[in-house]
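Values reported hereafter were calculated over all heavy atoms of this structure, with side chains retained and with hydrogens, waters and symmetry mates removed.
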Protein chains: 2
Amino acid sequence: MAPRRPEQFEAIREKSREKILAASLELFANKGYDATSIDNIAKKAGISKGLIYNYFESKKSILLAIFDDAMKMGEELLMGQMNIKDPVLRKKAIIELTFDMIKQRPDYVKFLTVMALQPGVMADTKDFTKNAYKKTEEWSKLITGKAKKEAVIDTLMIGAMMDGITLNFIIYGEQYPLDELKQEIIKLYCGPEKKKKKK
Amino acid sequence: MAPRRPEQFEAIREKSREKILAASLELFANKGYDATSIDNIAKKAGISKGLIYNYFESKKSILLAIFDDAMKMGEELLMGQMNIKDPVLRKKAIIELTFDMIKQRPDYVKFLTVMALQPGVMADTKDFTKNAYKKTEEWSKLITGKAKKEAVIDTLMIGAMMDGITLNFIIYGEQYPLDELKQEIIKLYCGPEKKKKKK
DNA sequence: TACTTTTGACTGACCGTTTAGTCAATTAAA
DNA sequence: TTTAATTGACTAAACGGTCAGTCAAAAGTA
């Protein structure tokens with residue numbers, strides 16, 4: 001009577017959904033949202049165009065799903081470092097984590113960076129700017145411990161630094177010396193690992 | 001016999017061309033290339049669609065014209081600082097110049113940044129990556145004087161810093177404290193203005 | 001002054017193509 | 001047979017680009 005057991009359907013659906021998301025992520029990150037057609041996604045995912053609309057109600061909703069996934073993953077990674085008590089060590093851990101993310105998931109990083117520069121694309125669905133600014137505030141607390149007025153500039157500097165390195169890595173690719181820059185930024189902002197920081 | 005004098009036509013043409021370029025720059029910078037239609041440009045410029053093709057042979061050629069203008073302006077500004085002999089002062093001047101450019105021509109800066117992240121758009125017409133990398137090399141020489149191996153990281157750090165600040169300014173807008181960050185980066189990379197730099 | 005002629009900037013309906021999105025028909029497993 | 005995943009031909013809208021034709025302005029003619 002029942003043709004397939006529910007969990008079998010669930011597995012099939014999950015697999016197809018994943019194929020669509022993976023193909024879309026790659027295309028959105030490399031070509032941008034507008035330059036990517038539904039046909040492109042279907043071909044890259046190895047499925048038909050119609051099937052995509054069995055899983056997502058529109059092109060925008062695919063974008064939104066990827067965006068949510070990326071933000072969720074980023075937040076989880078970030079929150080995983082919350083248990084580090086010492087502020088300097090925590091700062092260092094977060095910086096290293098960001099570099100890891102750039103190297104391990106450049107697709108997500110590229111996707112988010114590209115989207116950040118196309119406000120018109122996200123504007124309809126998510127208040128991206130507000131979201132990003134909130135994230136910066138969280139970063140600020142995480143990195144400096146408290147919201148010391150003087151330390152805000154420091155946080156913004158580190159944030160800009162990381163964004164700039166990310167941007168250059170996206171543009172230049174593997175030839176960009178990520179590791180050396182990581183050492184440099186840690187040396188700059190986490191001190192020479194001795195004493196309490198003065199001035 | 002002769003209806004209008006050539007210089008009158010020239011003035012008219014220049015004005016229209018300028019309207020098209022101005023409208024395109026604003027739209028490309030804010031919405032991106034693919035999301036901007038020829039109709040959008042025509043409406044914003046207050047002219048008809050057909051007239052655009054009296055001045056540019058394709059949508060891509062508009063993009064290219066803006067790109068060339070932006071690069072030309074940037075290069076002229078940069079080369080204007082070449083006469084400063086002292087490396088530290090020159091470095092400082094270039095950094096300040098970059099901040100000035102961000103504040104005075106955010107449209108150009110935004111345009112270039114958006115285009116840098118859409119390799120597919122520029123790929124057909126200009127080798128953007130190569131161009132950008134060459135620019136970085138020039139920067140390196142300008143900033144460090146010579147191509148000291150150790151100083152490359154320093155140059156890349158400053159470059160990433162500036163790019164990151166630019167990116168954040170584009171995203172956050174006027175609330176982003178450009179001036180404070182300028183002071184900070186000058187303090188960091190141009191030394192406390194005393195003695196010769198050591199280590 | 002009034003009229004005609006000449007010019008090229010300018011217009012918008014139109015063209016072929018491509019797009020996002022739909023749906024009746026098909027497929028395959030239980 | 002039942003069920004739901006899957007397909008691709010289809011549609012309406014939007015796209016970049018074209019082109020036959022309109023228009024205003026300047027100079028010659030009277």
Side-chain angles (χ1 to χ4, degrees), chain A residues 1-25 27-28 31-66 118 120-125, chain B residues 1-25 27-28 31-66 118 120-125:
Chain A
M1 262 247 189
R4 243 177 283 201
R5 293 162 66 199
E7 63 260 30
Q8 287 178 302
F9 279 126
E10 197 58 41
I12 289 172
R13 286 190 70 80
E14 192 60 35
K15 200 174 171 185
S16 288
R17 205 184 119 94
E18 213 52 56
K19 276 197 284 190
I20 295 168
L21 286 175
S24 301
L25 172 58
L27 290 169
F28 287 163
K31 297 177 53 174
Y33 176 78
D34 291 295
T36 300
S37 71
I38 295 290
D39 282 292
N40 290 154
I41 296 173
K43 184 160 276 184
K44 171 136 292 194
I47 59 170
S48 72
K49 178 194 244 186
L51 188 61
I52 291 177
Y53 289 91
N54 195 317
Y55 294 93
F56 298 94
E57 67 177 1
S58 70
K59 191 183 171 188
K60 270 259 163 68
S61 76
I62 303 176
L63 183 82
L64 192 60
I66 296 174
Q118 301 211 334
V121 176
M122 300 296 298
D124 315 329
T125 45
Chain B
M1 262 241 191
R4 235 177 288 199
R5 294 162 65 198
E7 63 259 31
Q8 288 178 303
F9 281 124
E10 198 57 42
I12 291 172
R13 285 190 70 81
E14 191 60 34
K15 201 174 170 185
S16 288
R17 207 184 118 94
E18 214 52 56
K19 276 198 285 189
I20 294 168
L21 286 175
S24 300
L25 172 58
L27 290 168
F28 288 163
K31 297 176 54 173
Y33 176 78
D34 291 297
T36 301
S37 72
I38 295 289
D39 282 291
N40 291 154
I41 296 173
K43 185 160 276 183
K44 171 137 292 197
I47 60 171
S48 73
K49 180 194 239 185
L51 188 62
I52 290 176
Y53 289 91
N54 196 315
Y55 294 92
F56 299 94
E57 66 177 359
S58 69
K59 191 184 172 187
K60 271 257 163 71
S61 76
I62 303 176
L63 182 83
L64 193 59
I66 296 175
Q118 302 211 333
V121 175
M122 300 296 299
D124 315 330
T125 45

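- Annotation for A/Lys44: atom NZ does not count as buried by contact number, only 12 or fewer foreign heavy atoms lying within 6.0 Å.
- Separation of atoms CD1 (B/Ile41) and NZ (B/Lys19) is listed at 14.5 Å; rounding is to 0.5 Å.
- A/Lys59 forms a cation-pi arrangement with A/Tyr33, by the criterion of a distance under 6.0 Å to the ring centre and an angle within 45° of the ring axis.
- Rounded to an integer number of Å, the gap from CD1 of B/Ile12 to P of D/dA25 is 9 Å.
- Of the inter-residue distances, the one linking A/Ile38 atom CD1 with A/Leu27 atom CG reads 10.5 Å to the nearest 0.5 angstrom.
- Position along DNA chain C of the nearest nucleotide to A/Glu57 versus B/Tyr55 favours B/Tyr55 as the more 5'-ward residue.
- For the pair B/Ile52 CD1 and D/dC19 C1', the interatomic distance rounds to 16 Å; values are reported in whole Å.
- Considering only the side chain of A/Ile47, D/dT7 comes nearest among D/dT7, D/dA5, C/dT11.
- In this model, the phosphate group of D/dA5 is not approached by any side-chain N or O of A/Ser16 to a distance below 4.0 Å at OP1 or OP2.
- Rounded to the nearest 0.5 Å, atoms OG (A/Ser24) and CD1 (A/Ile52) are 6.5 Å apart.
- If you measure from atom CG of A/Asn54 to atom P of D/dA4, you get 11 Å, rounded to the nearest angstrom.
- Sorted by first and then second residue, the pairs that involve residues 9-18 of chain B and meet side-chain hydrogen bond (donor to acceptor under 3.5 Å, both in side chains), not counting sequence neighbours, are B/Arg13-B/Asn54.
- B/Ser58 and B/Tyr53 get closest at one heavy-atom pair: CA-CE2, 4.0 Å.
- A heavy atom closer than 4.0 Å to some atom of DNA chain C occurs in no member of residues 17-24 of chain B.
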Contact state string [nucleotides 9-16 of chain D, B base, S sugar-phosphate only, - no protein heavy atom under 4.0 Å]: ------SB
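- In terms of heavy atoms, B/Tyr55 sits closest to B/Ile12 at OH-O, 4.4 Å.
- Put simply, OG on B/Ser37 and CG on A/Asp34 are 11.0 Å apart, with the number rounded to the nearest 0.5 Å.
- One interatomic measurement links the two molecules: CZ of B/Arg13 to C1' of C/dT7, which rounds to 13 Å at whole-angstrom precision.
- Look at CG on A/Leu51: it is 15 Å from P on D/dA4, rounded to the nearest Å.
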